[in-house]
2 protein chains.
Amino acid sequence: MTDPPWLAEAQATAFGLAALPYGVFTRDGARPRVGVRLGDAVLDLAPVAESLAPDVVRMYDQPALNSLMGAGPGVWAQQREQVTEWLSASHHVDVVAPHLHPLDAVTMTLPFQVGDYVDFYSSRHHAENLGAMFRPGQPALTPNWLHLPIGYHGRSGTLVPSGKPIVRPCGQSATPDRPAPVFSPSARLDIEAEVGFVVGVPSPLGHRVPADDFARHVFGVVLVNDWSARDLQAWENVPLGPFLGKSFATSVSTWVTPLAALQHARVGPPRRVLPLLPYLQDREPWGLDITMRVALNGTVLSRPRFRDMYWTPAQQLAHMTVNGASLRTGDLFASGTVSGPAPDERGSLIELTWNGREPVKLGDGRTRTFLEDGDEVVITATAPGAPGSVVGLGEVRGVIRPALDR
Amino acid sequence: MTDPPWLAEAQATAFGLAALPYGVFTRDGARPRVGVRLGDAVLDLAPVAESLAPDVVRMYDQPALNSLMGAGPGVWAQQREQVTEWLSASHHVDVVAPHLHPLDAVTMTLPFQVGDYVDFYSSRHHAENLGAMFRPGQPALTPNWLHLPIGYHGRSGTLVPSGKPIVRPCGQSATPDRPAPVFSPSARLDIEAEVGFVVGVPSPLGHRVPADDFARHVFGVVLVNDWSARDLQAWENVPLGPFLGKSFATSVSTWVTPLAALQHARVGPPRRVLPLLPYLQDREPWGLDITMRVALNGTVLSRPRFRDMYWTPAQQLAHMTVNGASLRTGDLFASGTVSGPAPDERGSLIELTWNGREPVKLGDGRTRTFLEDGDEVVITATAPGAPGSVVGLGEVRGVIRPALDR
């Protein structure tokens, strides 16, 4: 018995058997299908299942992960085990080899059909940084912040897959010294480095999902870049929150990392400053030791750590449904900007440049406050796997295109 | 030649040939299909088309209006003409009669598959009433209000069809004299009487939809009750806007009135107080002379008029897409609470009772500030049709059920 020929090389990457994220790809104009990533290749699952597990062909011969995601934790675990065997057992090599395609020979698409998209605001450091910038002399946190994970609904129709260029948005903005608004391309285009959670198992209207049921509903994790036009946002934000400043595009990674791949990354949340209402008290730790890397035109600007988030995704889920709101397969909820206590752990330019006052230096000697046309932002992340292994999360990448005339 | 036997009676209602709203119904356990309403009956369109227009059977043999809505204004006009003929020409009676079912023999469902749901805040009277209540001594409108139609994204997964009971939501609330939040069923459950606009024709990401293209994209109109838990909303609202106070349920009418039925209701918008940026200047008048009627347990509380709205739906559409946000078939955008200048033209209890201080009287002598369990709210509306005719909009109805323990 020898290992399959592809295994050693893949195991040396952050996308070895410990990771195995799912995605949806097209190749040679064929219709999109579900694949799993190993190293720098994707395994086309439907034709392999055709030979080895005909029962699940229909789940993989799909243009989205929703069928797999809706099948629930039992199927998720069993399929992960089965796919691991397909990729690692020498006796499957003849069946598997023809369907393992190099990533550069395929096109990845948005991996799931999105239901609702909710964006939280769960980093205390991020909230305090913005509070200090915009409400100097007042408490950095609003009175509710330590009692509940603040969130709002975003536009699910403008979620785009990693790699899709972002057109600079136009809109209204105004400043205190120029109170009549002007219309122009955004001059303060920013990023927000976030971690997103994708719902697999739905819940009925009128019923709460307890925090401890997190893993019964959430299928996996994506990286998110919540592009933000700060000038548009500042003008429109009061009284009903972000709207056009966010709704022009939100990029998500094309790979969804199953929760099972992050078992070794689970950590307790930061110490709570105030007592929590019972529905937010989680017995199972759902902090995650994910370290992100935010790069602008190849220069790493920061390394935010998700473990520093005050509110865990399990608490976010419990809060989002405590009023009886239902969940659908494909709902996405993101963490909000991941920012840590150190300056080089901030997940947005507005924090990294302190509202544009302290430009960041790029590797080519140039500087940035906010994004310029042609800039490319790449967010990557890793988490600890089983001892000795690392789990990579699929990157989220986007380049800025100039605003359109119409 | 005589009229079909059903016509005279139907023409005497607000759902005669001038209205003809579309919906989706089930009957005797059959799968849901598209129907059109005439009087108190629904015409099952697929089997009629089978005999008279086989090309369009597929558009009607659907569990949602999306296929029809996505087909565009040419098809909408042509189908409306064809359906009018089916229902009014005596030579089609034998084909049509077997497929015209009384409304009380069918069950109506949510009429379209929802993309994104956006809720605006377009009544100046509503915004000023809330400003006066919550920011006394300050300007009633925020500085941006007269420059753009304020809006936010709501939860599309909890849109429910008229008639579905509403479970009272639970959540956190706090008051200035009790700053630590408590968890309880909402004690200030309210309504918001709104008019919603359903997108038919999509638009690509990165491109704006001009206000004057309104009728090229919007298929029709629904009535909306945007249930609101005022206590939850007040605590969570700053800094990112409404979330759980709104996301537990939003009711929409099961009938979608095509824009063509409202041609005679078109009016110019109210006079603009401040000059508008070019993208919000609409040459075609898209104010609509729709008069709503809000009834609580059978007592009519108010008659808001949609023509009093400061921002028209065409301006809302232009604003929503000016940042390049795309539209999908099934996107719904609602007007926000429709409130007029007079006290009996207010579309929410918080306004009608002036924040609970002036209870409204019901017909049975009892009073209300906010909704009690068992209360039923029915919102109906009419608009002028061709001279001498009235166009009814499908009602939106909902009864409050007690909060659940879990």
Side-chain angles (χ1 to χ4, degrees), chain A residues 115-118 121 142-144 147-148 150-158 160 167 169-172 174 179-183 186 205-208 210 229 232 235-245 247-249 274 277-279 319-320 322-328 331 401 404 406, chain B residues 115-118 121 142-144 147-148 150-158 160 167 169-172 174 179-183 186 205-208 210 229 232 235-245 247-249 274 277-279 319-320 322-328 331 401 404 406:
Chain A
D116 274 296
Y117 164 46
V118 165
Y121 188 57
T142 51
N144 51 12
H147 293 286
L148 55 80
I150 301 275
Y152 69 99
H153 285 89
R155 190 166 184 85
S156 60
T158 51
V160 299
V167 175
C170 293
Q172 293 196 23
V182 295
F183 184 83
S186 170
L205 190 65
H207 292 265
R208 305 172 201 161
L232 278 53
W235 172 235
E236 73 183 357
N237 196 61
V238 175
L240 298 186
F243 186 42
L244 300 191
S247 67
F248 56 95
L274 295 178
L277 284 165
Y279 80 91
H319 184 64
M320 185 163 59
V322 78
N323 66 345
S326 48
L327 298 173
R328 290 181 293 177
D331 282 349
R401 295 266 194 260
L404 298 177
R406 38 169 261 124
Chain B
D116 275 296
Y117 165 47
V118 166
Y121 188 57
T142 51
N144 51 14
H147 292 287
L148 54 80
I150 301 275
Y152 70 99
H153 286 90
R155 190 165 184 86
S156 60
T158 51
V160 299
V167 176
C170 293
Q172 293 194 23
V182 295
F183 183 84
S186 170
L205 190 65
H207 291 266
R208 306 174 201 160
L232 278 51
W235 172 234
E236 73 183 357
N237 195 60
V238 175
L240 297 186
F243 186 42
L244 299 192
S247 67
F248 56 95
L274 296 178
L277 284 165
Y279 81 92
H319 185 64
M320 185 165 58
V322 77
N323 67 346
S326 48
L327 297 173
R328 290 182 291 178
D331 283 349
R401 294 265 193 261
L404 297 177
R406 36 170 259 125

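These numbers were taken from a predicted model, which means no experiment stands behind them.
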Let me know if Leu274(B) has heavy atoms under 4.5 Å from chain A in its side chain, its backbone, both or neither.
-> neither
Rounded to the nearest 0.5 angstrom, the CG-SG distance for Leu232(A) and Cys170(A) is 8.5 Å
Under 4.5 Å from a heavy atom of chain A, the part of Leu244(B) involved | both
Taking the side chain from Glu236(A) and the backbone from Gly245(A), do they hold a donor-acceptor pair closer than 3.5 Å?
-> yes
Rounded distance (nearest 0.5 Å) linking atom OG of Ser326(A) with atom CZ of Phe248(B) = 12.5 Å
Greatest number of heavy atom pairs closer than 4.5 Å to chain A - which of Tyr117(B), Tyr152(B), Trp235(B), Phe183(B) | Trp235(B)
Ranked by heavy-atom pairs below 4.5 Å to chain B, first place among Pro278(A), Pro242(A), Gly324(A) goes to Pro242(A)
Value rounded to 0.5 Å, distance of CD in Gln172(A) from CG in Asn144(B) = 8.5 Å
Engaged part of Leu277(A) at the chain B interface, taking heavy atoms whose separation is under 4.5 Å = side chain
Expected output: side-chain Asn237(B) to main-chain Leu240(A) donor-acceptor under 3.5 Å = no
Which atoms of Tyr279(A) approach chain B - backbone, side chain, both or neither, heavy atom under 4.5 Å = side chain
If you measure only the distance, is there a donor-acceptor pair under 3.5 Å linking the side chains of Asp116(A) and Ser156(A)?
-> no
Heavy-atom distances under 4.5 Å only: say whether Arg328(A) touches chain B with side chain, backbone, both or neither.
-> side chain
Check whether any side-chain heavy atom of Arg155(A) lies under 4.5 Å from a side-chain heavy atom of Met320(B), and answer yes or no.
-> yes
Please look at Leu205(A) and chain B and tell me whether the side chain, the backbone, both or neither of the residue comes under 4.5 angstrom of a heavy atom of that chain.
-> side chain
Looking at Gly171(A), Ser186(A), Gly154(A), which makes the most heavy-atom pairs under 4.5 Å with chain B?
-> Gly154(A)
In Å and rounded to the nearest 0.5 Å, what is the OG to CG distance from Ser247(A) to Asn323(B)?
-> 4.0 Å
Quick one: of Ala174(A), Gly151(A), Pro169(A), who has the most non-hydrogen atom pairs under 4.5 Å with chain B?
-> Gly151(A)
Thr142(A) versus chain B, heavy atoms under 4.5 Å apart: side chain, backbone, both or neither?
-> side chain
Considering only heavy atoms and a distance below 4.5 Å, find which of Leu148(A), Val167(A), Thr158(A) pairs most often with chain B.
-> Leu148(A)
Phe243(B)-His153(A) aromatic ring centre distance below 6.0 Å = yes
Checked Gly115(B), Gly157(B), Pro143(B) vs chain A; the most non-hydrogen pairs under 4.5 Å come from Gly157(B)
Segment of Val182(B) engaging chain A (4.5 angstrom heavy-atom cut-off) | backbone
